[in-house]
2 protein chains.
Amino acid sequence: MPRARTFSEPRLRGRIWIEGPEGTFLGYGRVVLLERIREHHSISAAARSMSMSYRHAWDLVASMNRQSAAPVVEMSAGGRGGGGARLTAGGERAITMFWSAYKDFQRFLETRGKKLAPRRPSRGKS
Amino acid sequence: MPRARTFSEPRLRGRIWIEGPEGTFLGYGRVVLLERIREHHSISAAARSMSMSYRHAWDLVASMNRQSAAPVVEMSAGGRGGGGARLTAGGERAITMFWSAYKDFQRFLETRGKKLAPRRPSRGKS
DNA sequence: TACCGTTATATACAACAAAACATAACGAAA
DNA sequence: TTTCGTTATGTTTTGTTGTATATAACGGTA
């Protein structure tokens with residue numbers, strides 16, 4: 001007898017982001033990047049640490065800085081060690097703001113996801 | 001005096017979707033497509049009505065059908081009018097399920113978005 | 001049988017995002 | 001002045017997603 005296909009329970013998933021004047025201001029990837037910059041004091045090291053191209057990382061940082069009243073990352077080129085980057089207080093607040101909303105969102109997905117599929121209770125052996 | 005840049009209030013936005021065995025099962029676009037199919041009794045007419053290529057629409061329908069225990073759309077080729085497509089009861093349930101979650105999500109974004117930016121109350125003329 | 005508009009399917013093309021690559025600018029220290 | 005690793009920026013390549021185009025299959029009906 002051919003076994004009927006089974007289907008994994010449908011799962012609710014999603015993304016959130018914070019929009020600014022030119023589109024995305026903060027999202028999951030951007031916030032992780034900010035945290036890596038805080039850790040490495042360098043955009044290039046941060047990018048490397050998450051297998052992201054430096055170019056892309058730089059673009060993201062530039063985009064965030066443009067869209068924020070106060071810069072989230074301050075950079076300096078040249079000098080000892082070649083220069084570097086550091087997270088500002090505003091950057092710190094941005095991280096906190098996003099993770100807080102993100103956490104609430106994950107909770108929403110979890111609880112709302114349970115109400116998704118009105119499944120007939122299986123009568124069989126239980 | 002150079003005017004300081006102003007920044008629109010950061011806005012919380014997002015997407016949700018329902019995942020199945022092969023990735024997305026239901027999302028905003030897919031559900032709209034299902035509704036158009038219900039309306040037009042035709043995949044091609046539905047696709048046209050939302051400026052979507054027939055190929056893409058067909059792929060989406062096939063993906064949904066593959067990932068659902070019971071098909072969400074039934075198609076027939078040939079015959080009077082060339083054939084057509086109709087939404088099944090399962091498809092109807094899928095639409096309801098998604099919009100219900102979507103509505104709750106919009107509510108979440110709205111209420112949670114208000115708590116985003118802890119703004120200093122402006123002291124000036126008010 | 002011929003016709004018709006749809007489903008079904010393959011292949012080529014376009015648009016966009018991200019990666020990859022290349023190079024210049026920077027500035028403190030040796 | 002040279003060195004060094006970073007920031008800064010331009011150009012090319014790749015990968016993915018959807019569109020465009022073309023063709024066959026389908027099956028009622030005239």
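So that the names make sense, note that chain A is the first sequence line, chain B the second, and so on, each numbered from 1.
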What pairs of donor and acceptor atoms, side-chain ones from residues 14-30 of chain B against any protein atom, are under 3.5 angstrom apart with sequence neighbours left out?
residue : atom : partner : partner atom : Å
W17(B)  : NE1  : E19(B)  : OE2          : 3.3
E22(B)  : OE1  : R66(B)  : NE           : 3.1
E22(B)  : OE2  : R66(B)  : NE           : 3.3
E22(B)  : OE2  : R66(B)  : NH2          : 2.7
R30(B)  : NH1  : T24(B)  : O            : 3.2
R30(B)  : NH1  : F25(B)  : O            : 3.4
R30(B)  : NH1  : S63(B)  : OG           : 3.1

Excluding sequence neighbours, so at least two apart, what forms salt bridge (charged side-chain N to carboxylate O under 4.0 Å, His left out) with [X]?
| X | result |
| --- | --- |
| D59(B) | R55(B) |
| R11(A) | none |
| R36(B) | none |
| K103(A) | none |

Name every residue in residues 73-82 of chain A that has at least one heavy atom under 4.0 Å from any atom of DNA chain D, in order of residue number, or write none if there are no such residues. M75(A), S76(A), A77(A), G78(A), G81(A), G82(A)

List in numerical order all residues of residues 22-51 of chain B for which some heavy atom is under 4.0 Å away from an atom belonging to DNA chain D.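 Result for residues 22-51 of chain B: S51(B), sorted by number.
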
Identify, residue by residue, the members of residues 52-66 of chain B with a heavy atom below 4.0 Å from DNA chain C, and return them in order of residue number, or none.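 Under 4.0 Å from DNA chain C: Y54(B), R55(B), W58(B).
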
Evaluate R93(B) against T96(B) for side-chain contact (heavy atoms from CB on, under 4.5 Å), listing each step before the verdict. CA-CA 5 Å; R93(B) 284 196 299 273; T96(B) 303; 5.6 Å; no

Set of side chain to side chain donor-acceptor pair (under 3.5 Å) partners for S68(A), sequence neighbours left out: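 Testing S68(A) for side chain to side chain donor-acceptor pair (under 3.5 Å), a comparison that skips the adjacent residues, returns none.
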
Hey, what do you get for CE (M64(B)) to CG (L33(B)), rounding to the nearest 0.5 Å? 5.0 Å

Pairing residues for H56(A) by the side chain to side chain contact (heavy atoms under 4.5 Å, CB included) criterion, not counting sequence neighbours: M52(A), S53(A), L60(A)

What range of DNA chain D does chain B touch, first nucleotide to last, counting atoms under 4.0 Å from its heavy atoms?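 The footprint of chain B covers dG18(D) to dT29(D).
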
Spell out, as yes or no, whether a donor-acceptor pair under 3.5 Å connects the side chain of N65(B) to the backbone of V73(B).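 Confirmed, N65(B) side chain pairs with V73(B) backbone.
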
Between Y102(B) and F108(B), is the ring centre distance below 6.0 Å?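 Ring centres of F108(B) and Y102(B) not closer than 6.0 Å.
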
Exercise answer: donor-acceptor pairs, residues 75-86 of chain B side-chain atoms, under 3.5 Å, sequence neighbours excluded:
residue : atom : partner : partner atom : Å
R86(B)  : NH1  : E74(B)  : OE1          : 2.4

